[in-house]
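Shown next, in structure tokens, is the structure this report addresses.
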Amino acid sequence: MQSVWPPSPGGSGGNPPVSDDGLERVYGYPEPLAGPFVQVNFVASADGAAAVDELSRGLSHPADRRVFLLARDLADVILVGAGTARAEDYRGARSNPARAARRARLGLAVTPPIAVVTRSAALDPASRLFTDTSVPPLVITTTKADTAALAEAGASVIAAGEDDVDLPRALAMLAERGLRRVDCEGGPALFAALAAADLVDQLCLTVSPLLAGGGAGRIAAGQAVSPPRRLDLASILVEDGFTLLRYRRGSG
């Protein structure tokens, strides 16, 4: 993977390879954090498709996967919508000695929990989300949802809202648990809701050099952001035709 922008120190020009330590510096969360910081991760085709055959993995690449796993390593919690958790057959986050050592060096728990946002709590307690994990998942839902079976399956339930999930309240409740570094992995409806509520601090978008054609949705689907909010381009990395863009909340 090579850095395109910003240029490396020393102004040598060209596109120097980026080491694991360099990637950690690029994608690290700002310090100190007084409150939640939400990073959203997506991959899209060159013509804007968010999935192939309804799954994002058809657009991915080892470089994208490398950054995806790094984002998990740097986070306190992994946030995902229920639709994406079901479609992608989510399980608990994984680790290995190198990744565990990184998290220990950063003062983070061994493995970040998966937090699923769901208005209805319509999740299968027999799914891998509950049965294939070393850390109990968090279920962020409403006070009206029936969560008894999920709690029995080991989930920690966070009720943030009565009829719908109040995202600012949900993030505040995560922060109360010390989970401020939020790595959101989608899906499009959750991203749109976060953006509409002005809760997105960073967007990491991998553009795949593929044409998917019509049919697939965008990376955001639902509420519009009005007026559109400015993002500042923070970095560009490239590998094998895949472009990894990182945008931060706009300063202007």
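Hydrogens, waters and symmetry mates are skipped; everything else that's a heavy atom, side chains included, is used.
Not one N or O on the side chain of Asp76 forms a donor-acceptor pair closer than 3.5 Å with the backbone of Leu179. With hydrogens and angles disregarded, a donor-acceptor distance shorter than 3.5 Å links the side chain of Asp201 to the backbone of Val38. In this structure a side-chain-to-backbone donor-acceptor pair under 3.5 Å is missing from Asp164 to Asp166. For Ser19 (side chain) and Gly22 (main-chain N/O), a donor-acceptor pair under 3.5 Å exists by modelled atom type. Not a single donor-acceptor pair under 3.5 Å links the side chain of Gln202 to the backbone N or O of Gln39. In this structure, the side chain of Ser208 does not engage the main chain of Ser45 through any donor-acceptor pair within 3.5 Å. The main-chain N or O of Ala75 is found under 3.5 Å from a side-chain atom of Arg103 such that the two form a donor-acceptor pair. A side-chain donor-acceptor contact under 3.5 Å links Arg86 to the backbone of Ala122. The backbone N or O of Arg119 lies less than 3.5 Å from a partner atom in the side chain of Thr142, making a donor-acceptor pair. Arg128 places a side-chain N or O within 3.5 Å of a backbone atom of Asp89 that can act as its donor or acceptor partner.
Counted by atom type alone, Thr84 and Glu185 present zero donor-acceptor pairs between their side chains at under 3.5 Å.
One finds the SG atom of Cys204 at 11.5 Å from the CZ atom of Phe42 (value rounded to the nearest 0.5 Å). One finds the CG atom of Leu211 at 5.0 Å from the CG atom of Asp47 (value rounded to the nearest 0.5 Å). The structure places CG of Leu237 at 11.5 Å from CG of Asp64, a figure rounded to the nearest 0.5 Å. We find the CG-CG distance between Leu59 and Asp53 to be 10.0 Å, quoted to the nearest 0.5 Å. The distance from atom CE of Met1 to atom CG of Leu23, rounded to the nearest 0.5 Å, is 5.0 Å. For the atom pair NE2 (His61) and OG1 (Thr206), the distance works out to 10.0 Å, reported to the nearest 0.5 Å.
In the hydrophobic clustering of ILVMFWY residues, with side-chain heavy atoms under 4.5 Å counting as a link, Tyr27 and Tyr29 come out together. Leu33 and Leu106 fall within a single hydrophobic cluster, where Ile, Leu, Val, Met, Phe, Trp and Tyr are joined by side-chain heavy atoms under 4.5 Å apart, directly or via other members. A continuous path of hydrophobic side-chain contacts links Val182 to Leu205 [ILVMFWY only; heavy atoms under 4.5 Å]. Under a hydrophobic clustering in which Ile, Leu, Val, Met, Phe, Trp and Tyr are joined whenever their side-chain heavy atoms come within less than 4.5 Å, directly or via other members, Leu244 and Val26 fall into the same cluster. Linking Ile, Leu, Val, Met, Phe, Trp and Tyr whenever their side-chain heavy atoms come within less than 4.5 Å leaves Leu74 and Phe68 in two separate clusters.
Arg246 is not listed as a side-chain neighbour of Leu203, based on a closest heavy-atom distance of 4.5 Å or more. In this structure the side chain of Leu194 reaches within 4.5 angstrom of the side chain of Cys184, judged on heavy atoms. Contact check for Ile219 versus Val40: no side-chain heavy atoms found under the 4.5 Å cut-off. Between Val80 and Leu190, every side-chain heavy-atom pair lies at or beyond the 4.5 Å cut-off. Within the 4.5 Å cutoff, the side chain of Val207 has no heavy atoms near those of the Phe242 side chain. Using a 4.5 Å heavy-atom cutoff, the side chains of Val77 and Arg181 are not in contact. Residues Arg66 and Asp20 meet the side-chain proximity criterion, which asks for heavy atoms closer than 4.5 Å. Taking the side chain as every heavy atom from C-beta outward, Thr243 and Ile236 approach each other to under 4.5 Å.
Arg248 and Pro30 get closest at one heavy-atom pair: NH2-CD, 3.8 Å. Here the closest heavy-atom approach between residue Pro112 and residue Arg72 is recorded as CG-O, 3.7 Å. Of all non-hydrogen atoms in Leu123 and Ala82, the two that sit nearest each other are CD2-CB, 4.0 Å. Annotation for Asn41 and Ala71: closest pair ND2-CB, 3.8 Å, computed over non-hydrogen atoms. Among all heavy-atom pairs drawn from Phe130 and Thr133, the shortest one is O-CG2, 3.8 Å. For the residue pair Asp73 and Arg102, the shortest heavy atom distance occurs at OD2-NH1, 2.9 Å.
For Glu176, the CD atom counts as densely surrounded, since its 6.0 Å shell holds more than 12 non-hydrogen atoms of other residues, nucleotides or ligands. For CZ of Arg177, the number of neighbouring non-hydrogen atoms (other residues, nucleotides, ligands) closer than 6.0 Å is greater than 12.
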Problem - Stepwise side-chain contact (heavy atoms from CB on, under 4.5 Å) test for Leu138 and Ile114 - result: CA-CA 6 Å; Leu138 305 174; Ile114 305 290; over 6 Å; no
Problem - Tyr247 vs Asp232, side-chain contact (heavy atoms from CB on, under 4.5 Å): CA-CA, chis, key distance, verdict - result: CA-CA 5 Å; Tyr247 296 95; Asp232 292 337; over 6 Å; no
Practice task
Might you work through the side-chain contact (heavy atoms from CB on, under 4.5 Å) test for Phe191 and Val200, ending with a clear yes or no?
Solution key: CA-CA 8 Å; Phe191 179 28; Val200 177; 3.9 Å; yes
Exercise for the section: Go through Leu171 and Phe37 one step at a time and tell me if the side-chain contact (heavy atoms from CB on, under 4.5 Å) criterion holds. Expected result: CA-CA 9 Å; Leu171 292 173; Phe37 185 97; over 6 Å; no
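The residues Arg94 and Asp132 are annotated as salt-bridged, a charged nitrogen and a carboxylate oxygen being separated by less than 4.0 angstrom.
Just one residue in the list Leu167, Val157, Leu79, Thr118 forms a side-chain contact (heavy atoms from CB on, under 4.5 Å) with Ile140, and that residue is Leu79.
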